[in-house]
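Here is the structure we will look at, set down as structure tokens.
The analysis underlying the following values was restricted to heavy atoms, covering all of them including side chains, and did not include hydrogens, waters or symmetry mates. Here the structure is a predicted model, which is why all the values come from computation and not from measurement.
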Amino acid sequence: CIVDPMYQFSLDWFIAMFNQSIRMAEPKESKEERFAELFNSFIQLLFVMVCRGLFEKDKLLYSVMLTLKCQEMEKELKLNEVMALLTGLPGPAKEEKPADSGWLTVVSWNRINQLMSLGDVFDGFVG
């Protein structure tokens, strides 16, 4: 994998960002609250500082990657939902497309039906 030299951040820069985020974080009473505050402070600062150095075309991808990593660390990430997001949910629809949905393409209808197969928050999505 070839990394654009513009995107090679130094360890010194990373440590400086970490120290700055510690100074920015609000003090908390418990260790758990303090750790959460430090994490949030660091992620916010990292996001802002990295985005300053990214090409405009790469900012959205970086945002998605950082979001997924944060969700993974918080145990909020569901692999089947991420795979659905990344692959576009191929497959046929289980139900016929409603007559009053002319604004919705067949491909979109198929994907909506596939979302329902994931269950959880998508149960009863169509109604």
Side-chain angles (χ1 to χ4, degrees):
C1 177
I2 298 173
V3 177
D4 189 309
M6 182 176 168
Y7 291 161
Q8 295 177 2
F9 294 96
S10 71
L11 181 58
D12 292 336
W13 178 87
F14 189 81
I15 290 170
M17 290 301 99
F18 184 74
N19 289 333
Q20 177 66 22
S21 68
I22 290 173
R23 288 189 294 275
M24 290 173 46
E26 293 181 23
K28 297 292 180 181
E29 295 296 321
S30 71
K31 287 190 295 187
E32 291 80 18
E33 289 175 335
R34 178 68 176 158
F35 179 74
E37 181 65 27
L38 287 170
F39 178 77
N40 289 334
S41 175
F42 180 70
I43 293 298
Q44 288 175 4
L45 184 62
L46 184 68
F47 177 78
V48 169
M49 297 305 289
V50 169
C51 279
R52 283 184 182 173
L54 289 179
F55 294 121
E56 199 62 36
K57 68 180 182 65
D58 298 327
K59 289 181 182 180
L60 181 59
L61 179 60
Y62 173 67
S63 299
V64 170
M65 290 174 59
L66 187 61
T67 299
L68 293 176
K69 183 47 100 174
C70 289
Q71 286 182 325
E72 179 184 10
M73 291 178 68
E74 294 293 323
K75 309 249 186 295
E76 295 175 351
L77 190 66
K78 296 178 182 164
L79 185 58
N80 60 344
E81 292 175 6
V82 173
M83 291 306 294
L85 174 68
L86 297 176
T87 63
L89 293 169
K94 293 178 176 67
E95 299 178 22
E96 200 62 35
K97 184 176 169 237
D100 61 348
S101 62
W103 57 274
L104 192 61
T105 67
V106 174
V107 171
S108 296
W109 177 249
N110 290 347
R111 289 181 178 160
I112 288 170
N113 273 262
Q114 292 300 320
L115 273 177
M116 289 192 314
S117 71
L118 295 177
D120 196 21
V121 297
F122 299 106
D123 279 339
F125 189 65
V126 172

Open item on the list: Is the shortest side-chain heavy-atom distance between Gln44 and Val48 below 4.5 Å?
Closed with: no

TODO: Taking the side chain as every heavy atom from C-beta outward, state whether Ile112 and Leu104 have any atom pair closer than 4.5 Å.
DONE: yes

Task: For Met24 against Ser41, the heavy-atom pair lying closest together - done: CB-OG, 3.8 Å

Task: Distance-minimising heavy-atom pair for Glu33 and Glu29 - done: OE1-N, 3.8 Å

Open item on the list: Can you tell me which residue among Val64, Leu66, Asp58 is in a side chain to side chain contact (heavy atoms under 4.5 Å, CB included) with Tyr62?
Closed with: Leu66

TODO: State yes or no: do Phe55 and Met65 share one hydrophobic cluster built from I, L, V, M, F, W and Y residues joined by side-chain heavy-atom distances below 4.5 Å, directly or via other members?
DONE: no

Task: Phe47 side, atom CZ; Leu54 side, atom CG - distance, nearest 0.5 Å - done: 9.0 Å

Task: Leu45 versus Ser21, closest heavy-atom pair with distance - done: CD2-N, 3.7 Å

- [ ] Measure across Met17 and Met49 and return the closest heavy-atom pair with its distance rounded to 0.1 Å.
- [x] SD-CG, 3.3 Å

Open item on the list: For Lys59, I'd like to know if atom NZ has over 12 heavy atoms of other residues, nucleotides or ligands within 6.0 Å.
Closed with: yes

TODO: Let me see the working for Glu37 and Arg34 under salt bridge (Lys or Arg N to Asp or Glu O under 4.0 Å), right down to the final yes or no.
DONE: CA-CA 5 Å; Glu37 181 65 27; Arg34 178 68 176 158; over 6 Å; no

Task: Minimum heavy-atom distance between Ala25 and Leu38, given as atom pair plus value - done: CB-CD2, 3.7 Å

- [ ] Quick one: pull up CH2 in Trp109 and CD in Glu96 and give me the separation to the nearest 0.5 Å.
- [x] 9.5 Å

Task: Path from Val50 to Ile22 over hydrophobic side-chain contacts below 4.5 Å - done: yes

Task: Pairwise side-chain contact, Val107 with Arg111, heavy-atom cut-off 4.5 Å (strictly under) - done: yes

Open item on the list: Applying side chain to side chain contact (heavy atoms under 4.5 Å, CB included) to Leu68 and Glu72, what does each step give before you reach the verdict?
Closed with: CA-CA 6 Å; Leu68 293 176; Glu72 179 184 10; over 6 Å; no

Open item on the list: Before we go on, tell me: are the rings of Phe42 and Phe14 under 6.0 Å apart, centre to centre?
Closed with: yes

Open item on the list: Tell me the closest heavy-atom pair linking Glu74 and Phe39, and the distance in Å.
Closed with: OE2-CE2, 4.3 Å

Open item on the list: Within this structure, what is the CD-OG1 distance for the pair Gln114 and Thr87, rounded to the nearest 0.5 Å?
Closed with: 9.5 Å

